Number of protein chains: 2
Amino acid sequence: MQLSESLQDYLEAIFIVIQDKPVCRITDIQKIINVSKPSIVNALSILKEKKLINQQKYSYITLTDNGKKEASNIYCKHLAIKELLINLFDFDKKSANTLACEIEHHFCKKTVQIMKTMTENIKKHPNLKKKLLKK
Amino acid sequence: MQLSESLQDYLEAIFIVIQDKPVCRITDIQKIINVSKPSIVNALSILKEKKLINQQKYSYITLTDNGKKEASNIYCKHLAIKELLINLFDFDKKSANTLACEIEHHFCKKTVQIMKTMTENIKKHPNLKKKLLKK
DNA sequence: AATTATAATTAGTTTTAATTAACAAAGTGA
DNA sequence: TCACTTTGTTAATTAAAACTAATTATAATT
């Protein structure tokens with residue numbers, strides 16, 4: 001699908017909003033991505049072109065099936081990275097979120113899967129973390 | 001100093017070239033960062049403004065003291081990330097390099113230090129890696 | 001229903017980082 | 001030393017992603 005990083009961010013934001021409620025508005029996106037409304041409108045028009053979202057003028061935004069699939073992939077990566085940052089690197093939630101956003105686009109599925117495994121094992125066996133970080 | 005990601009990349013490239021030989025030329029940078037020469041010339045003019053490099057027209061590029069310091073910081077991050085990708089995530093050298101380039105700008109010193117420690121411990125105690133990645 | 005407030009859009013601009021084409025300087029070999 | 005190759009520079013464009021200001025549509029309130 002080859003979306004730019006910023007378009008991936010917009011799609012991910014919509015996905016996050018829609019987890020809680022059925023539809024999404026531009027103001028919802030603005031609360032997540034801190035940019036001006038025209039920037040969002042512009043991004044949405046591209047996502048619409050790519051058939052990842054549905055939106056009629058001045059109205060709600062929803063994800064197409066394709067859009068859901070793409071967004072979910074992106075968000076899964078995000079979560080895996082965030083979890084590792086929290087559980088291994090002792091990031092607080094907010095910083096973990098920020099950094100995950102910044103780097104998530106660059107990781108392949110395989111690497112993300114390894115991160116998930118690592119997080120699980122660290123949670124299961126707390127000694128592992130101690131040994132890893134021992135100086 | 002607040003350099004953009006791309007300017008950091010240029011500075012880092014110069015640093016890498018200068019590890020092997022006393023000066024750097026635009027063609028050397030081009031071998032590392034795959035862009036056109038005018039792009040490099042333009043980046044250099046900004047780095048010059050910021051007093052991070054010295055360059056007289058049609059001639060060599062060297063790093064100022066400040067430039068060396070900045071570049072070395074960036075490159076240290078790069079190395080730490082690359083090493084972890086190789087030793088824990090089983091990346092080959094080239095892929096590790098590519099990914100490190102993409103994400104290095106986003107990591108703080110502290111996190112990078114943790115990565116270094118992790119890499120050392122994994123090298124010392126191979127069992128650690130097995131336990132971390134066990135499914 | 002009219003007014004006001006909120007939300008979305010359009011138009012035009014800026015910044016960053018890249019490009020190609022054309023040109024200029026430096027280096028090299030006969 | 002002159003021609004040729006390599007290297008570096010300039011100028012003019014392009015594209016992505018942001019912005020502000022002004023406008024329009026929708027929703028809410030009295």
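Side chains included, hydrogens not; waters and symmetry mates left out as well; all remaining heavy atoms used. Since this is a predicted model, take the numbers as computed values, not measurements. Order of the sequence lines sets the chain letters (A, B, ...), proteins ahead of strands, with each chain counted from 1.
- Atom C1' of nucleotide C/dA18 and atom NZ of B/Lys37 are separated by 16 Å, given to the nearest angstrom.
- One atom, CD of B/Glu5, and another, P of D/dA17, lie 13 Å apart when rounded to the nearest Å.
- The minimum heavy-atom distance between A/Leu128 and A/Asn121, with the atom names listed, is CD1-O, 3.7 Å.
- The side chain of B/Ser4 contributes an N or O atom lying less than 4.0 Å from OP1 or OP2 of C/dA17.
- Note that CD of B/Glu70 is 12.0 Å distant from CZ of B/Phe15, once rounded to the nearest 0.5 Å.
- Nucleic acid contact for A/Ser6: sugar-phosphate only, since backbone atoms but no base atoms lie under 4.0 Å from a heavy atom of the residue.
- Rounded to a whole Å, the NE2 atom of A/His105 is 17 Å from the P atom of D/dA16.
- To the nearest 0.5 angstrom, A/Lys124 atom NZ is 13.5 Å from B/Lys131 atom NZ.
- Nearest heavy atom pair, residue A/Pro22 against residue A/Thr62, reads O-CG2, 4.4 Å.
- To the nearest 0.5 angstrom, B/His105 atom NE2 is 7.0 Å from B/Ile74 atom CD1.
- Taking the side chain to side chain contact (heavy atoms under 4.5 Å, CB included) definition, one finds that B/Lys48 meets it with B/Ile53, B/Gln55, sequence neighbours left out.
- For the atom pair NE2 (A/His78) and CG (A/Asp9), the distance works out to 10.0 Å, reported to the nearest 0.5 Å.
- Residue A/Tyr10 has a polar side-chain atom (N or O) positioned under 4.0 Å from OP1 or OP2 of D/dA18.
- Near DNA chain C, meaning a heavy atom under 4.0 Å away, the residues from residues 17-30 of chain A are A/Arg25, A/Ile26, A/Thr27.
- Not one N or O on the side chain of B/Thr111 forms a donor-acceptor pair closer than 3.5 Å with the backbone of B/Phe107.
- A straight line from CD of B/Gln2 to P of C/dT15 spans 15 Å, rounded to a whole angstrom.
- Against DNA chain C, the stretch residues 38-60 of chain A makes heavy-atom approaches under 4.0 Å through A/Pro38, A/Val41, A/Gln55, A/Lys57, A/Tyr58.
- Without hydrogens or angle criteria, A/Thr117 side chain to B/Leu133 main chain gives no donor-acceptor distance under 3.5 Å.
- One interatomic measurement links the two molecules: CD1 of B/Ile33 to C1' of C/dA18, which rounds to 13 Å at whole-angstrom precision.
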